Amino acid sequence: MMKVVDSISRMSTLVKMLKKEGKSVGLVPTMGYLHEGHLSLVRTAKKHTDVAVISIFVNPAQFGPGEDFDKYPRDFKRDEELARSAGADILFYPSVKDMYPKGYSTYVNVEALTDTLCGVSRPGHFRGVTTVVAKLFGIVKPDVAYFGQKDAQQAIVIKKMAEDLNMGIEVKALPTVREQDGLAMSSRNVYLSNGERQDAMSLSQALARAEALVKQGERDPGKLIKAMEEIIQKKPSARIDYVSIVDTTGLKPMDKITGEILVALAVFIGKTRLIDNVIIKVDSKDDKSKFAKKGAQ
Ligand code: PAF
């Protein structure tokens with residue numbers, strides 16, 4: 001039976017009990033409006049840890065002014081059913097007041113890694129993410145925490161935070177779950193009209209093109225970026241925020257495609273900002289046959 005826990009103090013008491021019993025805890029932090037991407041993380045947590053906790057909290061601290069905090073899709077009953085069906089043991093559902101009481105004043109900021117990619121057009125976003133995730137880690141005290149690879153920068157930033165702050169938590173990023181036509185699953189996909197939904201396919205199509213070009217031997221990041229931009233720019237509702245090729249540790253732009261690269265993009269489809277990425281591994285000896293795609297970290 002899945003327990004729904006809606007206060008921090010009750011969650012802390014429960015965690016204390018579980019730890020006393022020697023149980024390992026897996027945490028899947030989410031903002032709800034669950035889809036198969038989230039559920040696959042819950043299933044993995046369930047498989048590898050004794051107790052699978054999913055948290056649902058639409059975190060005001062990670063939305064900028066004018067972003068979609070108010071209209072972010074919410075449906076607790078639906079989420080409760082889905083979490084239960086995926087095998088979650090505990091659904092943690094704290095309120096904003098409980099998480100950020102009056103006078104709240106502590107924030108966690110990972111430097112450098114957050115100055116690039118999504119950090120440029122969403123200033124303060126990652127500070128909100130790392131703050132809430134640090135709080136969730138402090139409350140749930142997981143052994144392992146699971147995130148989606150779709151938010152590649154987020155996963156890298158959270159890994160760095162856990163490492164730098166000696167949190168003793170294993171942070172795992174698991175493969176992006178996609179719709180049949182390639183669109184990466186996201187709670188924000190519900191914002192798309194039918195026409196926009198068609199245009200949104202250009203994100204994964206552009207990434208597939210980049211992969212194909214690397215496989216054919218292309219090693220110039222500029223050429224890859226141009227080829228991707230051309231695919232996206234053909235779509236009437238698309239406006240590119242960024243298309244970037246960076247290394248997977250420092251998230252720094254690359255002069256030449258070599259080693260492990262993160263090809264990441266953010267595109268406005270109408271008013272909806274979507275992101276997607278792929279990690280490609282290229283043998284440093286430039287041997288085409290050694291091309292390998294990396295699905296998970
Ligand atoms: O990826 C998300 O849904 C959120 O950024 C997270 C990690 C749950 C923090 O609010």
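Keep in mind the model is a prediction, meaning the values are calculated, not measured. First listed ligand is number 1; within each ligand, the first listed atom is number 1.
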Q: Give the atom numbers and elements of ligand 1 that come within less than 4.0 Å of a heavy atom of T30.
A: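 Result: 8 (C).
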Q: Would you call E229 and K226 a salt bridge, using N to O less than 4.0 angstrom?
A: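 Here E229 does not pair with K226 in a salt bridge, since their nearest N and O are not under 4.0 Å apart.
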Q: Give the residue and atom name of whichever protein heavy atom lies nearest to atom 10 (O) of ligand 1, and the separation in Å to one decimal.
A: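 Looking only at protein heavy atoms, the one closest to atom 10 (O) of ligand 1 is Q62 OE1, 2.6 Å.
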Q: Nearest protein heavy-atom contact for atom 3 (O) of ligand 1: which residue, which atom, what distance?
A: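 It is M31 CG, 3.6 Å.
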Q: Do R74 and F57 form a cation-pi contact, if we require the NZ or CZ to be under 6.0 Å from the six-membered ring centre and within 45 degrees of the ring's axis?
A: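 No - R74 does not lie over the ring of F57 by the 6.0 Å and 45° rule.
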Q: Would you kindly confirm whether I232 and V214 end up in one hydrophobic cluster when ILVMFWY residues are joined by side chain heavy atoms under 4.5 Å apart?
A: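 Yes.
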Q: Distance-only, no hydrogens or angles: does the E67 side chain make a donor-acceptor pair with backbone N or O of G64 under 3.5 Å?
A: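 The answer is yes, because a donor-acceptor pair under 3.5 Å joins these two groups.
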Q: Just let me know how I158 lines up against ligand 1, side chain, backbone, both or neither, with a heavy-atom cut-off below 4.0 Å.
A: neither
Q: Less than 3.5 Å apart, any donor N or O on the side chain of Y93 or D79 sitting next to an acceptor on the other?
A: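 Short answer, no.
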Q: Any atoms of ligand 1 less than 4.0 Å from a non-hydrogen atom of V132? List them with their elements.
A: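 With V132 as reference, the close atoms of ligand 1 come out as 9 (C), 10 (O).
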Q: Distance to 0.1 Å, residue and atom name: give those for the protein heavy atom nearest to atom 2 (C) of ligand 1.
A: Q154 NE2, 3.9 Å
